[in-house]
A.B. asks: 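Below: one structure in structure tokens.
Lettering of chains follows the sequences in order, A, B, ..., and the numbering in each one begins at 1.
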There are 2 protein chains.
Amino acid sequence: MVQYLNPPLDLSFAALSDATRRGIIDQLGRGDASITSLADQFQMTLTGMKKHVQVLERAGLVVTQKVGRVRTCKLGKRGLKAEAEWIEAHRKLFEARFEALDEIISEMKREGSDD
Amino acid sequence: MVQYLNPPLDLSFAALSDATRRGIIDQLGRGDASITSLADQFQMTLTGMKKHVQVLERAGLVVTQKVGRVRTCKLGKRGLKAEAEWIEAHRKLFEARFEALDEIISEMKREGSDD
DNA sequence: TAAATACTGAACCATCTGGTTCAGTTTATA
DNA sequence: TATAAACTGAACCAGATGGTTCAGTATTTA
């Protein structure tokens with residue numbers, strides 16, 4: 001058996017699998033925001049929004065800081081590097097597979113039906 | 001409120017959030033495989049593996065075809081384009097944010113403490 | 001044609017998810 | 001100092017997830 005463990009990828013892909021959370025990232029790209037303002041924008045309770053932000057925080061995509069009674073959320077420095085790398089590496093795998101198929105198909109066309 | 005809906009991204013990011021499923025993609029990059037061979041490699045019941053493959057199939061990342069009693073799994077033509085695009089677009093957002101911060105910091109250093 | 005192989009579907013299970021409400025606590029503001 | 005604002009935590013809920021077992025069906029193979 002082969003082991004494929006990468007907890008940070010698990011957490012960040014899971015975080016990105018929800019449209020609201022992708023929207024929060026979008027929003028934070030336009031400027032830092034409080035839990036309240038995010039909750040307003042996404043028409044959700046404060047508690048609900050807090051949970052989403054926590055998911056993003058555990059994935060390292062967002063960092064928060066509480067000053068006074070306001071918790072400000074911003075994009076994390078960690079960014080999406082690891083995710084981009086996984087995706088790009090595997091895009092190549094996908095493409096390589098199709099090239100291999102294309103070769104086989106061309107081969108078959110050249111030789112008639114074989115194998 | 002803003003609406004951020006993109007069902008395919010939901011499905012594919014969710015599919016990618018599991019290490020076993022990322023491993024299956026890895027494996028299919030090295031060649032097509034039956035449910036049985038995947039179940040062996042990942043030490044899982046056939047039924048369990050079938051579910052994982054179904055998740056990947058619904059996300060469009062894998063296609064399968066049953067010939068005789070064997071179901072062969074291969075990487076889907078759809079690939080990871082949409083996912084790569086989302087990630088790249090948002091990596092830029094992350095970076096832009098930090099550049100903005102850097103500017104503010106430099107500004108503050110130049111002018112002493114202000115604002 | 002009998003036995004083995006490969007899959008499939010239903011049912012179950014514990015845990016996680018995406019939301020809620022309600023009852024606090026802490027911090028500003030009038 | 002009383003009230004409002006912003007958050008927090010616990011508890012609940014329905015439904016999804018990641019696995020399992022068990023009982024089939026369909027297809028090879030001996």
A.B. asks: Please say yes or no: joined through hydrophobic side-chain contacts below 4.5 Å, possibly via intermediate residues, are A:Val62 and A:Met44 part of one cluster?
C.D. replies: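 Yes, A:Val62 connects to A:Met44 through the hydrophobic network.
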A.B. asks: Does the side chain of A:Lys50 get closer than 4.0 angstrom to OP1 or OP2 of D:dG9 through an N or O atom?
C.D. replies: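 Result: yes.
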A.B. asks: Starting at atom CG of B:Leu11, determine the distance to atom C1' of D:dT17, rounded to an integer number of angstrom.
C.D. replies: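 In whole Å, D:dT17 C1' lies 14 Å from B:Leu11 CG.
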A.B. asks: Expressed as a whole number of angstroms, how long is the span from A:Asp10:CG to C:dT15:P?
C.D. replies: 19 Å
A.B. asks: Rounded to whole angstroms, how far apart are CG on B:Asp40 and C1' on C:dA6?
C.D. replies: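 Interatomic distance, CG of B:Asp40 to C1' of C:dA6: 11 Å.
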A.B. asks: Would you please classify the geometry between the B:Phe13 ring and the A:Phe13 ring as parallel, tilted or perpendicular, with 30° and 60° separating the classes?
C.D. replies: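 The rings of A:Phe13 and B:Phe13 lie parallel, inter-plane angle below 30°.
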A.B. asks: If I take atom CG in residue A:Leu16 and atom C1' in nucleotide C:dT17, what distance separates them, rounded to the nearest angstrom?
C.D. replies: 16 Å
A.B. asks: When you check the gap from the basic side-chain N to the acidic O, do B:Glu83 and B:Arg78 get nearer than 4.0 Å?
C.D. replies: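 The answer is yes: the pair qualifies as a salt bridge.
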A.B. asks: Grab the CD-P distance between B:Gln54 and D:dG19 for me, whole Å please.
C.D. replies: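 About 14 Å, once rounded to whole Å.
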A.B. asks: Name the residue from A:Leu46, A:Thr64, A:Val70 that meets the side chain to side chain contact (heavy atoms under 4.5 Å, CB included) definition with A:Ser34.
C.D. replies: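 Going through the options one by one, the only one that passes is A:Val70.
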A.B. asks: Nearest-Å distance, CG (A:Leu38) to C1' (D:dA5)?
C.D. replies: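 Atom CG in A:Leu38 sits about 16 Å away from atom C1' in D:dA5.
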A.B. asks: Using the rule side chain to side chain contact (heavy atoms under 4.5 Å, CB included), only one of A:Val63, A:Ile25, A:Asp18 pairs with A:Leu56; which is it?
C.D. replies: A:Ile25
A.B. asks: Do nucleotides 18-30 of chain C as a string where each nucleotide becomes B, S or -: B if the base has a protein heavy atom under 4.0 Å, S if just the sugar-phosphate does, - if no protein is that close.
C.D. replies: SBBBB----BS--
A.B. asks: Testing A:Met49, A:Lys50, A:Lys51 for side chain to side chain contact (heavy atoms under 4.5 Å, CB included) with A:Val53, which one passes?
C.D. replies: A:Met49
